[in-house]
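Notes follow the structure.
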Amino acid sequence: MMILALQETPRACRHCHYFDGWTAQDTCAFCANSGCSRVRTQPELGCSCFEREPGADDE
């Protein structure tokens, strides 16, 4: 039996259209998407509602 692991692509909250700022300690991110929880505890991973903000990660 072969188990294939899916490689996750990090979708950091700061690159998401719904990113709404940081908590006071800069450890969590606020989310403006009404379909998600208001606070994301792992902003470096993002969530399933991620929607890329155009130009957010352009260099």
Indicate the atoms forming the closest heavy-atom contact of Cys31 with Ser37, along with that distance. CB-O, 3.6 Å
With Phe19 via ring pair (Phe, Tyr, Trp, His ring centres under 6.0 Å) - residues at least two apart: Trp22
Nearest-0.5 Å distance that lies between atom CZ in Arg14 and atom CD in Glu44: 9.0 Å
Going by the salt bridge (charged side-chain N to carboxylate O under 4.0 Å, His left out) test, which pairs reach into residues 23-32, not counting sequence neighbours? none
Heavy-atom nearest pair, Cys28 first then Val39, reads CB-CG1, 3.6 Å
One should read off an interatomic distance between Phe50 CZ and His17 NE2, to the nearest 0.5 angstrom, of 11.5 Å
Side chain to side chain, Glu51 and Asn33, heavy atoms closer than 4.5 Å: no
Indicate yes or no: at least one non-hydrogen side-chain atom of Arg40 is less than 4.5 angstrom from one of Cys47. yes
